[in-house]
Amino acid sequence: MAPATRAVRALWTGGCALAWRLGGRPQPLHPTQSRAGFAGAAGGQGPVAAARKGSPRLLGAAALALGGALGLYHTARWHLRAQDLHAERSAVQLSLSSRLQLTLYQYKTCPFCSKVRAFLDFHALPYQVVEVNPVRRAEIKFSSYRKVPILVAQEGESSQQLNDSSVIISALKTYLVSGQPLEEIITYYPAMKAVNDQGKEVTEFGNKYWLMLNEKEAQQVYGGKEARTEEMKWRQWADDWLVHLISPNVYRTPTEALASFDYIVREGKFGAVEGAVAKYMGAAAMYLISKRLKSRHRLQDNVREDLYEAADKWVAAVGKDRPFMGGQKPNLADLAVYGVLRVMEGLDAFDDLMQHTHIQPWYLRVERAITEASPAH
């Protein structure tokens, strides 16, 4: 396979970052403490006692009005306090994020890179993008880790390199919530060498789906252990399963493969000759490789069905009673699934997904949440 073709293969095959089944170190969480609602009672003599004697209906109306007024007062006070706390947390997060200068090295069409961008944009973290040439990869020659995404975070005089999309997201979220030094946080996600099923040495990362928070911080973010476990489960599902459905679907037919590579070349960083080679030779090669990927992952003859089933499984997990898996706002699992699917936008596979599953309302909600939150960069 030509170098250009082999390099471009990484853009959509899941080769741009690693997805591994790793069990993080559980941290103990106490069950969510119940919060008592506001309640009050009033009583006395004088006019109220007289009303009790003279008019039970008047007494009931007065009590109802008093109770309603108290309820409205406490509700308003709680709402204002919640707004104050939200503003305080936002100010703290803004202060922390302003200390960081972030540079993302990526392939635009890589689903793992798209996950990181979704996270950064939703959390309003400004960053610079360096598009990596998939053939020469000169832009990341400074790194012994040769996959993307790579995020370089400059914090004062200290510069940290974060590798692997899930590690990047977990480390930055831990930083925003806890305020721990990023240099310390990245030590919680150790890189380890291992040999995969094909006998190839690869790099794995420990604890990649865990946020390294204390009990109080975890309660603030999740509210309970179940929400934390759910988020981790579906983040891993996005890496271990959903991402592997992208290539077989976007390269499903020769026509789709050519359209996909036309998009890759247009959005990526290629020279004129490299682009031509990638578009035509790459499309032909990846059409054939996609058949092998279908067999490796034991997909159905019509790979669209696997994509549809995955989308509807996700929608069922979110459920009808909340707009996002994170409740009223997207959590890390929402952003991961959205980021993976987003790389298919503009292709037949994406249009079919929106038409034949129930995922579109959720997808548009996440898209809107990210748009409203993200700064221009």
*Between Tyr363 and Phe350, is the ring centre distance below 6.0 Å?*
yes
*Check whether more than 12 heavy atoms from other residues, nucleotides or ligands sit under 6.0 Å from atom CZ of Arg365, and answer yes or no.*
yes
*Apply ring pair (Phe, Tyr, Trp, His ring centres under 6.0 Å) to Phe119 and list each qualifying residue two or more places apart in sequence or on a separate chain.*
His123
*Please test Arg322 against Glu230 for salt bridge (charged side-chain N to carboxylate O under 4.0 Å, His left out), starting from the C-alpha separation and ending with a verdict.*
CA-CA 14 Å; Arg322 52 183 180 175; Glu230 181 182 53; 2.8 Å; yes
*Do NZ/NE/NH1/NH2 and the carboxylate oxygens of Asp164 and Lys147 come within less than 4.0 Å?*
no
*Can you name the closest pair of heavy atoms from Val343 and Tyr263 and give their distance?*
O-CE2, 3.9 Å
*Under 3.5 Å, is there a donor-acceptor pair linking the side chains of Ser178 and Asn214?*
no
*Answer yes when Glu204 and Lys193 have at least one side-chain N-carboxylate O distance shorter than 4.0 Å, and no when they do not.*
no
_Donor on one side chain, acceptor on other, Tyr188 and Glu184, under 3.5 Å_ = yes
*Between Tyr127 (side chain) and Leu151 (backbone), is there a donor-acceptor pair under 3.5 Å?*
no
*Listed once per pair and sorted, the salt bridge (Lys or Arg N to Asp or Glu O under 4.0 Å) pairs that draw on residues 330-353, sequence neighbours left out*: Arg304-Asp352
*Within the side chain of Arg235, is there an N or O that forms a donor-acceptor pair under 3.5 Å with the backbone of Ala333?*
no
*asked:* Between Gln160 and Ser158, do the side chains contain a donor N or O and an acceptor N or O under 3.5 Å apart?
replied: yes
*His297, NE2: over 12 other non-hydrogen atoms inside 6.0 angstrom*: yes
*Do Arg266 and Asp262 sit within salt-bridge range, that is, some charged N less than 4.0 Å from a carboxylate O?*
yes
*In chain order, what residues pass the ring pair (Phe, Tyr, Trp, His ring centres under 6.0 Å) check against Tyr287, with sequence neighbours excluded?*
none
*Cluster question for you: counting only ILVMFWY and a side-chain heavy-atom cut-off of under 4.5 Å, with indirect links fine, are Leu258 and Leu288 together?*
no
*Would you say the side-chain atoms of Gln101 and Gln128 include a donor-acceptor pair closer than 3.5 Å?*
no
*Distance-minimising heavy-atom pair for Ala349 and Glu256*: N-OE2, 4.1 Å
*ring-ring contact (aromatic ring centres under 6.0 Å, His included) assessment of Phe142 paired with Tyr105*: CA-CA 11 Å; Phe142 64 86; Tyr105 295 83; 5.1 Å; yes
*asked:* Testing the 3.5 Å rule here: is there a donor-acceptor pair between the side chains of Thr174 and Gln180?
replied: no
_Where Ala171 and Leu182 come nearest, the two heavy atoms and their spacing_ = O-CD1, 4.2 Å
_Side-chain donor-acceptor contact under 3.5 Å, Glu131 with Tyr107_ = no
_Side-chain H-bond candidate by donor/acceptor type, Asn133 with Glu274, under 3.5 Å_ = yes
*Looking at Ser290 and Ser247, what are the two nearest heavy atoms and their distance?*
CB-O, 4.2 Å
*Would you mind reporting whether Ile168 and Pro149 have side-chain heavy atoms less than 4.5 Å apart?*
yes
